[in-house]
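Chain letters run A, B, ... following the sequence lines, proteins first, then strands; residues in each count from 1. Being a predicted model, the structure only gives us computed values, none of them experimental.
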6 protein chains.
Amino acid sequence: MEGKRVQESAVIMNELVLPNDTNTFGNLMGGRLMYWMDIAAGIAAIKHCNSPCMTASVDNLSFKNPIKLGNIVRIEAKVTRAFNTSMEIHLKVWGEDSIHQYTYESNEAYFTFVALDPNGKPRAVAPVIAESEEEKKQYAGAMRRRQLRLILAGKMKPNDASELKALFVKDDQ
Amino acid sequence: MEGKRVQESAVIMNELVLPNDTNTFGNLMGGRLMYWMDIAAGIAAIKHCNSPCMTASVDNLSFKNPIKLGNIVRIEAKVTRAFNTSMEIHLKVWGEDSIHQYTYESNEAYFTFVALDPNGKPRAVAPVIAESEEEKKQYAGAMRRRQLRLILAGKMKPNDASELKALFVKDDQ
Amino acid sequence: MEGKRVQESAVIMNELVLPNDTNTFGNLMGGRLMYWMDIAAGIAAIKHCNSPCMTASVDNLSFKNPIKLGNIVRIEAKVTRAFNTSMEIHLKVWGEDSIHQYTYESNEAYFTFVALDPNGKPRAVAPVIAESEEEKKQYAGAMRRRQLRLILAGKMKPNDASELKALFVKDDQ
Amino acid sequence: MEGKRVQESAVIMNELVLPNDTNTFGNLMGGRLMYWMDIAAGIAAIKHCNSPCMTASVDNLSFKNPIKLGNIVRIEAKVTRAFNTSMEIHLKVWGEDSIHQYTYESNEAYFTFVALDPNGKPRAVAPVIAESEEEKKQYAGAMRRRQLRLILAGKMKPNDASELKALFVKDDQ
Amino acid sequence: MEGKRVQESAVIMNELVLPNDTNTFGNLMGGRLMYWMDIAAGIAAIKHCNSPCMTASVDNLSFKNPIKLGNIVRIEAKVTRAFNTSMEIHLKVWGEDSIHQYTYESNEAYFTFVALDPNGKPRAVAPVIAESEEEKKQYAGAMRRRQLRLILAGKMKPNDASELKALFVKDDQ
Amino acid sequence: MEGKRVQESAVIMNELVLPNDTNTFGNLMGGRLMYWMDIAAGIAAIKHCNSPCMTASVDNLSFKNPIKLGNIVRIEAKVTRAFNTSMEIHLKVWGEDSIHQYTYESNEAYFTFVALDPNGKPRAVAPVIAESEEEKKQYAGAMRRRQLRLILAGKMKPNDASELKALFVKDDQ
């Protein structure tokens, strides 16, 4: 299967924070943001694999700054690496207060999607071609993040996660 | 501040999967489920801290079984432990096909919420009183999960995460 | 057909009142609450009859206390009795202001649902087994409520509603 | 306070049944229809009393024919009579399959709304002037429906409901 | 094909402006209004052609007065003329502040819909019978509006738009 | 007031067509697309003027190809020129069927927005600096489109629309 460049799956999404998206302080609710992030990640995934696909997992998400009512939410998503039938998607999210011309980071996240054949079964996905420095760094880190995911889902023993273990053992010496 | 029992924050939520919640295979989209989970977690958090609160982070989420159109989504959420101004909430999610009388696990997750004072600043939260065996186990594990969260958010060095490191180092010997 | 216990159909639903659910006074609109009650009642009905089902009627509804923006709506629904192809569902609805730790009754209601076979035609429903005192009282009252429903829908003459008529005639003597 | 004619509050609403409004048989869900009916009734009420208002109660509702996906829902609402601070609104609902040029009754209902002053307290409402034969009939029947509502809400004893009791006692002789 | 009277397609729609429909000034957003106008126009079109149909174009829209949160939106739509497989629909939109008993014009618009056969291909539409003075005027003007539409869509040369050109040339002399 | 470059207001929006967005043929409804276009145009406008703003008008819209359920909608919006207190925004919309790797044009449109000061009154807007060939062409054409808008809104006489009239008169000789 021929590889596809990261840029072919890159997606930009801009949304406006409306009253129903906010809590009593007028801040965007986390669940509403995750809903948009899932759509953006799904569009990136489908652009890479050219088949329907499904959210398999979401890595740790940490919300840095609340996004206010009336502000713009900007989401950028792209596939970083493929693993057989799954793809890791990297997302960056910003809030933008255009009135005060102020842009701020909201969060950075990794979603994993599985590609599906017409019967809804997992199907093979084209490899990812990382070109820029940043894309190559994301590509390399994807293996370590995958090990953490498998450990956290109880599908891998910490001892087998060689890349990840190095992090702790190296620190230890 | 007086402690509150886990059961005081326990929340049950039942929802029906409607057409707009599904992808082209008729399966509930991950983002829509995370939206509901965030509402359920937020209700548990507000029941514990009796003040407005805000999603701070979401731990790794792994979706096991797709939930089908027309099925029931059942979410159970409860606060497991409090840390100064934040609370960890544990969620379990099931799909239920009542026609075929078949219930299946969808996922298990941990959300963290921050309690807010009337000015929107973080405020202290009552400690959690774990009573049952399962509640005590969740309470104990919360410290390790918090270390992982801080490391993944870049706010703690792996070497300082004593509880978490033990996992890797013990395996190593 | 074997009977099913009331508790097997019991459903709890918790929702958050968002801006779009409210009128200009920030109170939950009646129509939005009825929408949620219909979903809760439908889930209880489907849990009892294990087949698709459809709202047939809604008994008199009286809203006691408005539920405020940001408050929690708690709905409890369970099947009280079955009549051939239909089921009566009892609902209780509370508002909960977790900030002020104050819970208040919103309303109590009865919905009737019809069970459907795969062709969309009414199909027989298992009888209901009432166990607790309250369940038995609900079961007994269901016949009188059914007579009132039939009279109000023009399907029964007041004179034939023996249970209901007793109410007026007894008072009269 | 000067009276207002029934026609001044008459409201027509047309809606299209979309996928998310339907159950697995492609029929409009009862809760979604009640949501629209509540909006239509609220518009009629506000047109009569020229102040904000709030749903107080909904009389027995019986759904005769399911309305299909893609069909048109037609709702007609108008105030029938005023009682101090409340108004009774009559609604008629039809489904319309324009492809097959077929219109069918869905249901007929009575909602009660309370008028509110700027502090959210009940305020007096102008009396209703019934002109046509049908309006006069609705106006007369409103007293009997009100008695039934009060009895069902536990606010009136059956024996005091003179208009309503006549129904049963007359039949009895 | 037999003609149909304009009144057979006339549609009235009343909606309430809810928080999510508004911008930060509490005014109805243009896009939300166009969404409702498209539904109203679609219902008028389907009533005329008795087949599914699809928005083909929207003529210049100019919003005169903002409609406020809590106000009523009133839309009237009717088919003005048919052209082979398409229909022109005229819409008038008002805002209504019932508290202050004040009704104001929002805009006036023309939508064009295409009728579809069961395979989704354009199909012939019955001619329109204009009866009142206003209907006849709308019917006559439809030809000129159609020429402008075709020119703006690049499907007609200005020189061939005899009706439209007269407007400019007459003014010129 | 200092000018701003076109690129500073450029916005990209990607959305997924969900069941509720479609008609009975599974095609995106025109009104839903206009809702998204209005949000995209509004974001472009607010990025240019750094103040709240409001839809003033929408130029002729012609939908070329229906966008299917499950496809991606891609909208690109940017401010082309400013006129005192208003801005013209150009939008291009594509459908994208990622499964069949096929992208198709849906429509091209011009929206006009008015910038508002904190009291909701129109306020002056920075001029637009067109840089690329295409931006300069859009900038030049904006004057002619504005004349057409004013004529169609009844605010200018065809004879005064010198730029527009040239189109017809030139053809005429």
Side-chain angles (χ1 to χ4, degrees), chain C residues 23-42 52-64 66 107-114 116 118-120 145 148-155 157-161 164-173, chain D residues 23-42 52-64 66 107-114 116 118-120 145 148-155 157-161 164-173:
Chain C
N23 60 19
T24 45
F25 281 104
N27 293 331
L28 178 60
M29 290 191 296
R32 185 62 178 144
L33 180 50
M34 288 189 280
Y35 176 85
W36 281 330
M37 291 169 70
D38 184 58
I39 299 270
C53 47
M54 205 172 71
T55 320
S57 70
V58 176
D59 286 9
N60 268 57
L61 257 173
S62 169
F63 299 103
K64 284 173 204 160
N107 70 72
E108 196 169 350
Y110 295 94
F111 278 56
T112 310
F113 273 70
V114 172
L116 301 172
N119 297 315
R145 288 188 296 272
L148 180 56
R149 236 169 264 142
L150 292 171
I151 290 174
L152 293 173
K155 294 178 185 162
K157 295 202 168 168
N159 205 29
D160 297 337
L164 195 69
K165 211 176 73 178
L167 231 82
F168 288 92
V169 174
K170 182 181 60 200
D171 275 335
D172 206 37
Q173 285 156 359
Chain D
N23 59 19
T24 44
F25 281 105
N27 293 332
L28 178 59
M29 291 191 295
R32 184 64 177 144
L33 180 50
M34 287 188 281
Y35 176 86
W36 280 331
M37 290 168 72
D38 184 58
I39 299 269
C53 46
M54 205 172 70
T55 320
S57 70
V58 176
D59 286 8
N60 268 57
L61 258 173
S62 169
F63 299 103
K64 285 176 204 157
N107 69 71
E108 196 169 351
Y110 294 94
F111 279 55
T112 310
F113 273 70
V114 172
L116 302 171
N119 296 316
R145 288 188 297 270
L148 181 56
R149 236 168 264 143
L150 292 171
I151 290 174
L152 293 173
K155 294 178 185 161
K157 296 200 168 169
N159 206 29
D160 298 337
L164 194 68
K165 211 176 71 177
L167 230 84
F168 288 92
V169 175
K170 182 183 61 203
D171 275 335
D172 205 36
Q173 285 154 0

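- Contact annotation: the side chain of Phe25(C) never approaches that of Pro66(C) to less than 4.5 Å [non-hydrogen atoms, C-beta and beyond].
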Q | Worked check of side-chain contact (heavy atoms from CB on, under 4.5 Å) between Leu33(C) and Asn107(C) | A | CA-CA 10 Å; Leu33(C) 180 50; Asn107(C) 70 72; 3.6 Å; yes

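- Looking at Phe111(C), only its side chain comes within 4.5 Å of chain D, counting heavy atoms on both sides.
- If you measure heavy-atom distances from Asn119(D) to chain C, the contacts under 4.5 Å come from the backbone alone.
- Taking the salt bridge (charged side-chain N to carboxylate O under 4.0 Å, His left out) definition, one finds that Arg149(D) meets it with Asp59(D), Glu88(D), sequence neighbours left out.
- For Ala56(C), the part lying near chain D is the backbone, with the side chain staying farther off; criterion is any non-hydrogen pair under 4.5 Å.
- Of the two parts of Thr24(D), only the side chain, counted from C-beta on, holds a non-hydrogen atom closer than 4.5 Å to a non-hydrogen atom of chain C.
- Most heavy-atom pairs under 4.5 Å with chain D, from the set Asn60(C), Thr55(C), Asn27(C): that is Asn60(C).
- We find the OH-CE distance between Tyr35(D) and Met29(D) to be 13.0 Å, quoted to the nearest 0.5 Å.
- Put simply, OG on Ser57(C) and CG on Leu61(D) are 8.5 Å apart, with the number rounded to the nearest 0.5 Å.
- Among the candidates Ile39(C), Leu152(C), Thr112(C), the residue making the largest number of heavy-atom pairs closer than 4.5 Å to chain D is Leu152(C).
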